[in-house]
Every structure is written in structure tokens, then in C-alpha cells.
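To start, the structure under review is shown below, and the notes come after it.
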Amino acid sequence: MQDVIMEAHDIHKSYNIGTENELEILHGIDLTVHRGEFVSIVGTSGSGKSTLMNILGILDRPTAGEYFLNGIDVAHANDNELSHIRNREIGFVFQTYNLIPRTNALKNVELPMMYARVPESVRRERAEELLRMVDMGERMTHTPDELSGGQKQRVAIARALVNKPSLILADEPTGALDSHTGRVIMDLFHKLHKENGITIVLITHSQELAEETERVITLKDGQIIGERKGNDYAD
């Protein structure tokens with residue numbers, strides 16, 4: 001039996017609580033992810049994907065329910081503990097890359113390690129290693145405006161890996177890319193998963209991309225309405 005890395009029980013999320021405009025977005029989410037899995041959460045716009053992603057990524061708190069990440073009780077952690085968990089346990093890959101504009105690829109990748117107070121020599125070596133792993137070894141000194149969309153996303157993936165997180169949370173990582181470049185990025189995720197055993201949770205509206213993962217979780221109107229095995233894409 002694989003280790004459980006992420007466990008959510010009866011997660012609810014409401015806004016404008018106690019007012020006439022109170023709105024519940026998530027209506028009791030139960031979700032378990034095991035170490036080494038490649039899982040997708042798929043749903044259309046308005047399904048609650050972004051709200052769920054923010055809670056799983058510890059960018060927001062649930063209104064009710066329990067959430068454990070790598071055995072840590074996230075729902076009851078204080079703000080300092082949450083900041084530490086985000087930095088050390090989760091690697092984020094966003095649709096819009098979230099790179100610092102006037103900072104080169106190497107420094108962008110080093111940034112999470114600076115927050116983790118990793119020594120400078122170790123930071124540089126680790127960042128260089130990961131940029132080479134994502135085929136960006138020749139672009140380390142380039143700033144984001146000198147990189148294509150696919151290259152920016154590769155840098156973002158390298159940055160997500162620097163603190164050796166428990167999992168990668170990828171929110172529409174191919175959404176801003178053309179189909180060919182998106183394919184390259186998905187192939188990279190598959191490589192990281194298969195060769196390095198990295199746990200990945202992919203948030204997407206694309207049924208086609210979701211089908212490539214080992215397990216497909218379908219979200220609709222703030223509830224999980226289905227779960228099935230994917231096709232587990234192979235080269």
C-alpha cells in the first residue's frame with residue numbers, strides 16, 4: 001500500500017459567511033492522493049477547481065473539514081506553519097508561470113531556497129542541476145522576456161522542484177501554451193513522474209490531458225462526481 005501524501009475529508013468552502021450573499025463553493029470534498037501518483041482534477045469553469053486548488057496548495061483555508069499533507073494537520077496550522085509547509089512541501093506550477101520579470105532563470109529557480117535559508121553555494125548547484133534536467137541548461141542567464149512560453153514553464157517546473165517537495169501542484173500548466181509546446185510540457189511531467197517518482201496533482205479543464213494521468217477525479221458544482229483510472233500516457 002502506497003503512503004498517503006494528501007488527505008482531505010469533508011472540505012467545505014464558503015464566502016460572505018453570515019451575510020445574505022453567503023455562497024458555498026465546495027460542498028464536502030473527500031480526496032486522497034498517494035505518494036508517487038499522477039492524479040488529475042478535471043472540471044469546467046465554475047466547477048470549483050480554483051477554490052479547491054487554493055485549499056490543497058494552502059493558499060486558502062477551508063471553512064470546514066480536515067486536510068492533512070504529509071501527515072501535517074493543515075487546517076489547524078498557524079500562518080507561520082502554513083508558510084513553511086507551502087515552501088517545503090509543495091511545488092507550484094501555474095498557467096502564468098509567476099516568474100520574476102527582471103531576474104534570470106537561475107535566480108528565479110533559486111528563490112524558494114532563499115526563503116528556506118539554503119546556503120548560496122548549495123542553491124546555485126541545485127538550481128543549475130534542475131535547469132539542466134528540464135533542458136534549460138543553455139538558458140540559465142536569460143530573463144523571462146528572453147524566453148518562450150514553453151521555456152518559461154520549464155523554468156517554473158525547475159523552481160517547483162528545488163526544495164524537494166512532497167508533491168507538485170500544477171494548475172492549468174499548458175493553458176497559455178500552443179498545442180505543440182503544451183505537449184512538450186506534459187511529456188516533461190510524465191518523465192518527472194516515471195523516472196523520479198514525483199507526486200503530481202494536475203488541475204485542468206481538459207479531459208484529454210486528464211486522461212493521460214493514472215487517476216482522473218471529476219469536479220462539478222463544488223462536488224466530486226466521479227473518479228476513474230486514466231489511460232496513463234506512455235511515449
Side-chain angles (χ1 to χ4, degrees), residues 1-96 98 160 165-175 198-207 209-211 213-230:
M1 181 69 178
Q2 291 172 294
D3 293 337
V4 172
I5 197 167
M6 174 191 289
E7 199 168 8
H9 299 291
D10 199 26
I11 294 291
H12 292 255
K13 181 61 182 179
S14 299
Y15 295 96
N16 304 316
I17 297 171
T19 74
E20 61 182 18
N21 296 320
E22 183 170 334
L23 178 64
E24 186 173 82
I25 303 298
L26 300 180
H27 313 295
I29 299 292
D30 291 303
L31 175 64
T32 300
V33 176
H34 295 91
R35 192 175 307 279
E37 274 197 296
F38 192 171
V39 178
S40 58
I41 299 173
V42 63
T44 58
S45 178
S47 63
K49 293 195 312 299
S50 294
T51 302
L52 180 57
M53 192 279 294
N54 286 339
I55 289 172
L56 297 180
I58 321 178
L59 300 170
D60 199 1
R61 293 178 183 266
T63 306
E66 294 183 311
Y67 178 35
F68 295 88
L69 179 61
N70 225 10
I72 302 167
D73 183 355
V74 173
H76 297 97
N78 63 41
D79 287 344
N80 285 337
E81 290 168 335
L82 293 180
S83 178
H84 177 78
I85 295 165
R86 271 195 305 271
N87 186 250
R88 299 307 297 261
E89 299 289 342
I90 304 172
F92 292 96
V93 180
F94 297 101
Q95 177 177 340
T96 52
N98 285 21
S166 299
L167 77 144
I168 297 296
L169 191 59
D171 183 24
E172 300 282 9
T174 65
I198 293 170
T199 309
I200 303 172
V201 176
L202 171 70
I203 314 291
T204 183
H205 69 276
S206 169
Q207 290 284 348
L209 290 183
E211 288 293 341
T213 66
E214 296 173 318
R215 188 156 57 100
V216 182
I217 297 164
T218 302
L219 194 66
K220 183 178 181 181
D221 297 331
Q223 294 179 302
I224 291 175
I225 62 166
E227 182 177 318
R228 66 188 187 279
K229 287 186 176 180

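Since this is a predicted model, take the numbers as computed values, not measurements.
Within the 4.5 Å cutoff, no side-chain heavy atoms of L56 are placed close to those of I11. Side-chain contact between R228 and E211 is present, with heavy atoms from C-beta onward closer than 4.5 Å. In this structure, I41 and L52 have side chains that are in contact, with non-hydrogen atoms separated by less than 4.5 Å.
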Step by step, work out the side chain to side chain contact (heavy atoms under 4.5 Å, CB included) result for L82 and R61.
CA-CA 10 Å; L82 293 180; R61 293 178 183 266; 3.2 Å; yes
V93/D171 under side chain to side chain contact (heavy atoms under 4.5 Å, CB included): CA gap, chis, key distance, verdict
CA-CA 6 Å; V93 180; D171 183 24; over 6 Å; no
L59 and R86: CA distance, side-chain angles, deciding distance, side chain to side chain contact (heavy atoms under 4.5 Å, CB included) verdict:
CA-CA 8 Å; L59 300 170; R86 271 195 305 271; 3.7 Å; yes
Evaluate side chain to side chain contact (heavy atoms under 4.5 Å, CB included) for L202 paired with F38, printing each intermediate quantity in order.
CA-CA 8 Å; L202 171 70; F38 192 171; 4.0 Å; yes
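Using a distance-only test at 3.5 Å, with no hydrogens or angles considered, no donor-acceptor pair links the side chain of S83 to the main chain of N80. Counting only distance, with no hydrogens or angles, the side chain of Q207 and the backbone of V42 share no donor-acceptor pair below 3.5 Å. T63 places a side-chain N or O within donor-acceptor distance of the main-chain N or O of S14, the cut-off being under 3.5 Å.
Atom OG1 of T199 is separated from atom NE2 of H34 by 11.0 Å, given to the nearest 0.5 angstrom. Note: S166 OG to R35 CZ = 5.5 Å, rounded to the nearest 0.5 Å. Here the CG-OG1 distance, from L209 to T174, works out to 4.5 Å after rounding to the nearest 0.5 Å. Rounded to the nearest 0.5 angstrom, S47 OG and Q223 CD are separated by 11.5 Å.
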I'd like a table of donor-acceptor pairs (distance under 3.5 Å, sequence neighbours excluded) in which one partner is a side-chain atom from residues 22-30, with atom names and distances.
{"from": "E22", "atom 1": "OE1", "to": "G18", "atom 2": "N", "distance (Å)": "2.8"}
{"from": "E24", "atom 1": "OE1", "to": "H27", "atom 2": "ND1", "distance (Å)": "2.7"}
{"from": "E24", "atom 1": "OE2", "to": "H12", "atom 2": "ND1", "distance (Å)": "3.1"}
{"from": "H27", "atom 1": "NE2", "to": "D221", "atom 2": "O", "distance (Å)": "3.4"}
{"from": "D30", "atom 1": "OD1", "to": "D10", "atom 2": "N", "distance (Å)": "2.8"}

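Of all non-hydrogen atoms in V216 and G230, the two that sit nearest each other are CG2-CA, 3.9 Å. Closest of all the heavy-atom pairs between F92 and G57 is CZ-O, 3.1 Å. Across all non-hydrogen atoms, the minimal contact from P165 to G91 is CB-N, 3.5 Å. Residues D60 and Y15 come closest through the heavy atom pair OD2-OH, 3.6 Å. L219 and K49 make their closest contact through CD2-N, 3.6 Å (heavy atoms, listed as atom of the first residue, atom of the second, distance). The shortest non-hydrogen separation linking E227 to R215 is OE2-NH1, 2.9 Å.
Checking each of I72, L169, I90 against I58 for a side chain to side chain contact (heavy atoms under 4.5 Å, CB included) leaves exactly one that passes, namely I90. With N70 as reference, E89 is the one residue of E89, E7, R88 to meet the side-chain hydrogen bond (donor to acceptor under 3.5 Å, both in side chains) rule.
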